[in-house]
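Each remark here refers to the structure printed beneath this line.
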Amino acid sequence: MLVLVLNAGSSSQKSALFDLPSRTSTDPARPVWEGRLEWEGNRQTLTSENFQGKRVQVSAEIPADERSSSVETMLRGLWTGPVAVVASPGEIRAVGHRIVHGGPNLSEPVIITADVKRTIREVFDIAPLHNRAGLEGIELAEKLIPQACQAAVFDTGFHRTLPLESLVYPGPYEWYQHGIRRYGFHGISHAYSARRAAELVGRKPSALKIVTCHLGNGCSLAAVDAGRSVDTTMGFTPLEGLMMGTRAGSIDPGILSHLVRTGSARETELDDILNHRSGLLGISGVSSDMRDVERAAAEGNERAKLAFAIFVHRLQGGIASMAASLGGLDALVFTAGIGENSASVRRSACRGLAFLGVQVDEEKNSSAHPDADISSPDSPVRILVIRAQEDWAIAQASLDLIRSLQPAAL
Ligand code: ADP
């Protein structure tokens, strides 16, 4: 069963085609085709790869308003050109879309209808970049692959179980009544890695208190109690919480009114400062990529060292806060680009968490290939490195939904 996944971000559009077995599986499958479009300013890079390892990469200068035609070119590469894997779009039976923000009304995966599209559009106010890209992906897939059944899976969905004390901001109560509340993001990744962690430690999810650390370009934590999210670091938007590649994470909101009042920044600049000019990039001045920051820090760059230190400091505080929300900790999970690959982030973060029972085996940590257990034999908390499988999880959730609601469509 061929299922296509579209994973729209603010500066990238990723896509993957999976050939899934006809019965539900809990084992992630490798995609048979992957496409990735990345934008930096007007520079665009399109990379496509098929299951035979054949890869093409094209970089070009294009204006921002031509991005959706590039997404179309990427998807047409599924059936035309050097890395094509299907003879025609008609072979693709289902398309699963990652939608970042479901707003107050959408959390469970849904079949896409005109109503669902309207609701996704209504959330543009809260998550303009992400949801607009998600909706463009839906409309493009409807045009190019019209016979496929389409489903949406929401990044906010896993956090629908947050208790009120975690999701209501301590501002005026009216905020909450008007949908200004914490939603949480990266839910597909947190849900998958918590479930996988239970498999790896050989216990039922219902018996475990787990903190999952999704550390990629965007970073967030989730406190998962008996398989349910009870706390998380991102909030109303994906800007709250940890320090990230280019995002500040939580800061004193008084800074914003200070900047505007003193004329140091215009109100219209604030979004750009907090989303694109802060975080690892803003502090180090080197890069938003943790690899570059670590390299510069090792060469003695003081600002890169500071960026790394702040990242770790905030991560430790976040993990301890999540553990407090759980009232204990059985497993600590690292996932996504930094979580899977940076032994030094894991080592430095865990070093300050020994009081919670977190004890890393240094050799296992340095040589970890996910999925791996890097805890020392006597560590009360199991420390796991798990490969993020967001795209597969979206494909599987979409297929399960379509199978249960519209089996005739498959
Ligand atoms: P996204 O959130 O876009 O899906 P990823 O999960 O791919 O991002 O994570 C991207 C980040 O992972 C990069 O910005 C980089 O900082 C980090 N990363 C990847 N490989 C390494 C590595 N070997 N060491 C440290 N950081 C890494």
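Predicted model, so just to flag it, every value in this text is computed and none were measured. Counting starts at 1 for both ligands and their atoms, in listed order. The figures that follow rest on heavy atoms only: side chains count, while hydrogens, waters and symmetry mates do not. This chain uses plain numbering: 1 for the first residue, then up along the sequence.
- When atom types are taken as modelled, the side chain of Arg303 and the backbone of Ile283 share a donor-acceptor pair closer than 3.5 angstrom.
- The existence of a salt bridge linking Glu49 and Arg30 is excluded, since no basic side-chain nitrogen approaches an acidic carboxylate oxygen closer than 4.0 Å.
- The aromatic rings of His190 and His159 sit perpendicular to each other, their planes meeting at more than 60°, with 30° as the lower class boundary.
- Under a 4.0 Å N-O distance rule, the pair Arg36/Glu34 does not qualify as a salt bridge.
- Closer than 4.0 angstrom to ligand 1 lie heavy atoms from Lys14, Gly216, Asn217, Gly218, Asp289, Met290, Arg291, Ala336, Gly337, Ile338, Asn341, Ser342.
- Between Lys14 and Asp391, none of the side-chain N atoms (NZ, or NE/NH1/NH2) sits under 4.0 Å from a carboxylate O, so this pair counts as no salt bridge.
- Each of Thr335, Val385, Ile188 was evaluated against Ser193; a single residue qualifies, Thr335, per the side chain to side chain contact (heavy atoms under 4.5 Å, CB included) test.
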